[in-house]
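Comments concern the structure below.
Owing to the predicted nature of the structure, the values given are computational and were not obtained by experimental measurement.
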Amino acid sequence: MTTIIDGKAVAKKVNAATQTAVAELEQQGIKPGIAVIIVGEDPASQIYVRNKNRKATKLGMHSVVRQLPVTTTQAELLSIIAEYNSDASIHGILVQSPLPKQINEPLITMAIDPKKDVDGFHPTNMGKLITNFPGNYPVANTPRGIMTLLAEYGIDPAGKQAVVIGRSTIVGKPMAALLTNANATVTVAHSRTKDLKALARTADILVVATGIAHLITGADIKPGATVIDVGMDRDADGKLVGDVDFDSAQGVAGFITPVPGGVGPMTIATLMQTTVELAKWSDLSE
Ligand code: NAD
């Protein structure tokens, strides 16, 4: 029997805790604030940013969306980031990806104050994650949300074989670090991995984040494994599907996240959770 991991339900629970934390901070005179900067008119990015803004406002936070033209220069974007770095009402800064070609994305990531790095992509925070550094720091929201899902369903990575397919800075690499820190034995696979499907079949926990619709099918899954599908892809009919063929995986996997309704809702809920934490930590460091 396969248990479907209900990302919407867990996200609701996370959001409720965030709302409580916002109310508590407000009593101390702190209103968590997030600034989302978007450069250009990419339609998918516009939707993501609108959803983030709506959710932050709904949870009682201060939310700013800074829409910039596609012609924005690197220097202009850097100066706007500097503005939010020194704005005490903003605790989290997010620069929506993708950025236009004239902008050097790693330099933009580096320009965000690590204490306001709500995405957790700054090398200082990534370094802390890799070294399992003690103390508070932001961690990439999608993989962190996946760890919350595992915990909610009582799936302890310790001692398990985990295979992470995808090595991006946004998902694959921080996911591998989080699972390693949680004592799993982790293998990272990617586009140059040989015999991917045989490797996938060794996984007790299989995280798939490639952007390739239905790359993994039921035949590639170890019976009883936990399958986390990060993909948000379109099939031939334009329907939103994952990197895992859900129908053939059902009945083989022990646990599986659906697309939509699995990892997606957790990413935004975790982003809100991180914003509130940054606000809390900023108070502690003053
Ligand atoms: P990316 O393009 O940066 O990275 C894709 C990774 O997949 C690369 O490391 C690449 O080596 C690997 N890959 C590509 N083809 C492969 C193949 N045939 N076999 C094995 N590995 C292969 O993508 P990303 O930003 O990590 O996102 C991956 C997917 O997750 C996308 O569909 C994206 O939309 C989705 N995503 C979803 C959420 C969410 O909240 N649900 C968040 C982030 C990303």
Side-chain angles (χ1 to χ4, degrees), residues 7 10-11 14-15 18 32 34-37 44-45 48-49 51-52 55-56 81 91-99 105-152 157 162-182 184 186 188-190 205-211 228-232 242-243 257 259 262-281:
V10 180
V14 171
N15 284 331
T18 299
I34 180 167
V36 178
I37 305 168
S45 298
Y48 293 145
V49 169
N51 289 343
K52 287 167 188 169
K55 185 59 82 184
I81 290 170
H91 304 97
I93 303 168
L94 186 155
V95 180
Q96 185 65 43
S97 193
L99 289 167
E105 202 155 340
L107 278 185
I108 295 301
T109 305
M110 289 281 279
I112 296 171
D113 179 344
K115 290 196 168 69
K116 297 193 177 191
D117 171 34
V118 72
D119 262 335
F121 299 157
H122 191 288
T124 295
N125 293 319
M126 279 283 184
K128 286 184 172 177
L129 174 62
I130 297 291
T131 53
N132 204 7
F133 200 76
N136 299 322
Y137 55 90
V139 172
N141 293 298
T142 299
R144 187 180 169 201
I146 291 169
M147 295 306 282
T148 305
L149 286 178
L150 295 179
E152 279 290 322
V163 173
V164 178
I165 310 181
R167 57 176 162 185
S168 71
T169 309
I170 297 170
V171 188
K173 281 180 182 153
M175 185 78 251
L178 282 167
L179 287 166
T180 304
N181 293 348
V186 184
V188 179
H190 47 75
I205 299 175
L206 179 64
V207 181
V208 194
T210 65
I228 304 292
D229 188 354
V230 186
M232 292 205 304
D243 291 357
T257 58
V259 177
V263 174
M266 286 304 291
T267 295
I268 184 152
T270 310
L271 174 71
M272 299 297 124
Q273 183 184 23
T274 305
T275 307
V276 173
E277 287 171 346
L278 292 177
K280 211 183 282 177
W281 300 337

(request) Apply side-chain contact (heavy atoms from CB on, under 4.5 Å) to Met175 and Met147, showing your working. (result) CA-CA 8 Å; Met175 185 78 251; Met147 295 306 282; 3.6 Å; yes
Taking atom [atom1] of [X] and atom [atom2] of [Y], what is their separation to the nearest 0.5 Å?
| X | Y | atom1 | atom2 | value |
| --- | --- | --- | --- | --- |
| Arg144 | Thr267 | CZ | OG1 | 12.0 Å |
| Phe121 | Ile108 | CZ | CD1 | 14.5 Å |
| Ile81 | Leu107 | CD1 | CG | 10.0 Å |
| Asn136 | Glu277 | CG | CD | 7.5 Å |

Is the shortest side-chain heavy-atom distance between [X] and [Y] below 4.5 Å?
| X | Y | result |
| --- | --- | --- |
| Leu178 | Ile146 | no |
| Leu179 | Leu150 | yes |
| Leu129 | Asn181 | yes |

(request) Output yes when a side-chain donor or acceptor of His122 lies under 3.5 Å from a complementary backbone atom of Met110, and no otherwise. (result)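 Judged by distance alone, yes, a pair lies under 3.5 Å.
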(message) Tell me if a side-chain donor or acceptor on Asn125 pairs with a main-chain N or O of Pro114 at a distance below 3.5 Å.
(response)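 Yes; at least one donor-acceptor contact below 3.5 Å.
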Single hit among [options] for side chain to side chain contact (heavy atoms under 4.5 Å, CB included) with [X]:
| X | options | result |
| --- | --- | --- |
| Ile93 | Ile37, Val118, Asp117, Val36 | Ile37 |
| Val230 | Thr210, Ile170, Val207 | Val207 |
| Asp229 | Thr257, Val263, Leu206 | Thr257 |

Between [X] and [Y], what is the shortest heavy-atom contact and its length?
| X | Y | value |
| --- | --- | --- |
| Thr275 | Leu271 | OG1-O, 2.8 Å |
| Gly231 | Asp243 | CA-OD1, 3.3 Å |
| Val14 | Ala269 | CG1-O, 3.8 Å |
| Leu278 | Gly92 | CD1-CA, 4.0 Å |
| Gly7 | Met266 | O-SD, 3.8 Å |
| Lys128 | Tyr137 | O-OH, 3.4 Å |

(request) Could you name each residue pair satisfying salt bridge (charged side-chain N to carboxylate O under 4.0 Å, His left out) that touches residues 166-178, not counting sequence neighbours? (result)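 Non-adjacent pairs meeting salt bridge (charged side-chain N to carboxylate O under 4.0 Å, His left out): zero.
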(request) Applying side-chain contact (heavy atoms from CB on, under 4.5 Å), run through Ile268 and Lys52 and close with a yes or a no. (result) CA-CA 7 Å; Ile268 184 152; Lys52 287 167 188 169; 3.8 Å; yes
(request) Assess whether side-chain contact (heavy atoms from CB on, under 4.5 Å) is satisfied between Ile112 and Asp119, documenting all intermediate values. (result) CA-CA 10 Å; Ile112 296 171; Asp119 262 335; over 6 Å; no
